[in-house]
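The structure under discussion appears below in the form of structure tokens.
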Amino acid sequence: MASNGSQNGRKRKFPLLFLGIDGGGTKTNAAIMNAAKEVLAEGEAGPSNPLRIGVETAVANIIKAIEDACDRGGLIASDISVATLGLAGVRRKDIRERVRDSFSKKLNIQNTTVVTDAEIALFGTTLGKPGLVVIAGTGSICLGRNEKGETAISGGWGPLAGDEGGGAGIAQTALHTIAKASDGRGRPTALTDRAAEYFRASGPENLIVAIYSPQIDNSRIAGFARLVVETALEGDAVAREILRDAGEELGIAACAVIRKLDLAKRKIPIGCVGSVFKAGKLLAEPMLRVIRRSAPHAYLTEPLLQPSHAAAIMALGAVKPTTRPK
């Protein structure tokens, strides 16, 4: 457990530590930084998407990530003076306020800002300049910013209404193709055996029982995307088509943002963030092909900062959080 410096009787005369949080549907990363922008410690915990697991559970996991960072770095949580929490599932103002209130009360960090995970990822890509970020992890979302400071967003609708190109969307598409292959309605694929192994079914015929068991949640289903990527890299044609389609969906989301922000003629960077991009060119090439139909000069790039580090710099005050999309 992270120690509490308030018991030491010290009087702080200036901010000491700055906290950045990157929280999604699978895990939470914390970064603690000093005023010189040096990362002093990092920690990790479970998911912190309040829309999926509730506000209190999300805040509890954020605190666990902070405690992990403090324990690893020998730091004191009460020395954190400013925090930026970049979370999935906080597009609604009321949810952001509930997360902020709960977090501030528990850790007494009153100078806390709650933004979307896309906002910290965008800053980590562009450092406040015009550009886009596409996040494809458990879910998927695209956020962009133009030279006027205007922002636009596409995606982020969650597993029921969206997540095309994200882990959940890829996994669900894979399960659809496996069902068709098992019934003789579709082509055979190595994904069938990989799914049986991943979901701990005794065979393909028992997958229907395994995937609908109470223990299988969205995070567990989205995790199957990792095996879809592995199977595609091994050459399975069906898995490769799933990733091609996922890349095209991410490209369509980026094009929607480009149009809204009038960036089609600009040479804009598009950051690629999230575990799904481990698929490499199988995903990135179809994504870029779609994007360049609308923005011929756009290019894909690695983020300059990890999302949690970007959040910590935003907390430090190097940049204000981006204007919220309407």
Side-chain angles (χ1 to χ4, degrees), residues 17-33 37 45 47-53 55 58-59 61-63 65-66 80-104 106-107 109-146 148-158 257 260-261 271 273-274 303-326:
L17 302 178
F18 303 86
L19 171 68
I21 292 291
D22 172 31
T26 302
K27 62 181 179 178
T28 301
N29 292 317
I32 300 175
M33 184 178 288
K37 300 182 182 179
S48 55
N49 179 336
L51 203 59
R52 302 296 303 167
I53 63 174
V55 169
V59 170
N61 282 336
I62 292 169
I63 292 173
I66 296 168
I80 298 171
S81 57
V82 187
T84 296
L85 314 182
L87 308 176
V90 296
R91 286 173 69 174
R92 280 171 41 187
K93 181 180 179 181
D94 63 314
I95 295 178
R96 292 195 300 272
E97 290 177 347
R98 288 171 58 199
V99 170
R100 183 192 179 283
D101 290 346
S102 176
F103 176 80
S104 297
K106 287 181 171 62
L107 282 192
I109 303 175
Q110 299 305 314
N111 194 350
T112 296
T113 302
V114 180
V115 299
T116 67
D117 57 341
E119 288 178 81
I120 61 172
L122 178 61
F123 176 64
T125 297
T126 69
L127 303 182
K129 297 178 181 179
L132 276 70
V133 66
V134 176
I135 301 177
T138 301
S140 62
I141 193 169
C142 178
L143 177 69
R145 182 179 187 273
N146 63 18
K148 298 178 183 178
E150 299 169 333
T151 64
I153 200 165
S154 179
W157 285 85
V257 171
K260 291 177 184 178
L261 297 176
V273 176
L304 299 172
L305 298 169
Q306 296 179 31
S308 60
H309 295 185
I313 289 180
M314 290 168 73
L316 195 150
V319 67
K320 298 290 184 183
T322 57
T323 305
R324 300 197 185 285
K326 297 180 179 179

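Side-chain contact check for Met314 versus Thr113: every heavy-atom pair is 4.5 Å or farther apart. Here the side chains of Ile21 and Ile66 are in contact, with some heavy-atom distance below 4.5 Å. Taking 4.5 Å as the limit, some side-chain heavy atom of Val59 sits within range of a side-chain heavy atom of Val99.
Qualifying salt bridge (charged side-chain N to carboxylate O under 4.0 Å, His left out) partners for Lys129, counting only residues two or more places apart in sequence or in other chains: none. Asn61 meets the side chain to side chain donor-acceptor pair (under 3.5 Å) test with no other residue; sequence neighbours excluded. Scanning for side chain to side chain contact (heavy atoms under 4.5 Å, CB included) contacts around Arg52 gives Asn49, Pro159, Asn218, with sequence neighbours left out. Not counting sequence neighbours, Glu97 has no partner by the side chain to side chain donor-acceptor pair (under 3.5 Å) test.
Remark: of the listed residues Val115, Asp101, Leu85, Val114, Val114 is the sole one forming a side-chain contact (heavy atoms from CB on, under 4.5 Å) with Arg96.
Surrounding CZ of Arg98 are at most 12 heavy atoms belonging to other residues, nucleotides or ligands under 6.0 Å away.
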Distance-only check: which donor-acceptor pairs under 3.5 Å involve side-chain atoms of residues 303-312, not counting sequence neighbours?
| unit_1 | atom_1 | unit_2 | atom_2 | d |
| --- | --- | --- | --- | --- |
| His309 | NE2 | Glu42 | OE1 | 3.0 |

* side chain to side chain contact (heavy atoms under 4.5 Å, CB included) between Phe123 and Ile313, worked out -> CA-CA 9 Å; Phe123 176 64; Ile313 289 180; 3.8 Å; yes
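Without hydrogens or angle criteria, Arg100 side chain to Gln110 main chain gives a donor-acceptor distance under 3.5 Å. Side chain of Ser140 to backbone of Ile135: no donor-acceptor contact under 3.5 angstrom is found.
Listed by first and then second residue, the side-chain hydrogen bond (donor to acceptor under 3.5 Å, both in side chains) pairs involving residues 20-30 are Thr26-Thr138, Thr28-Ser48 (not counting sequence neighbours).
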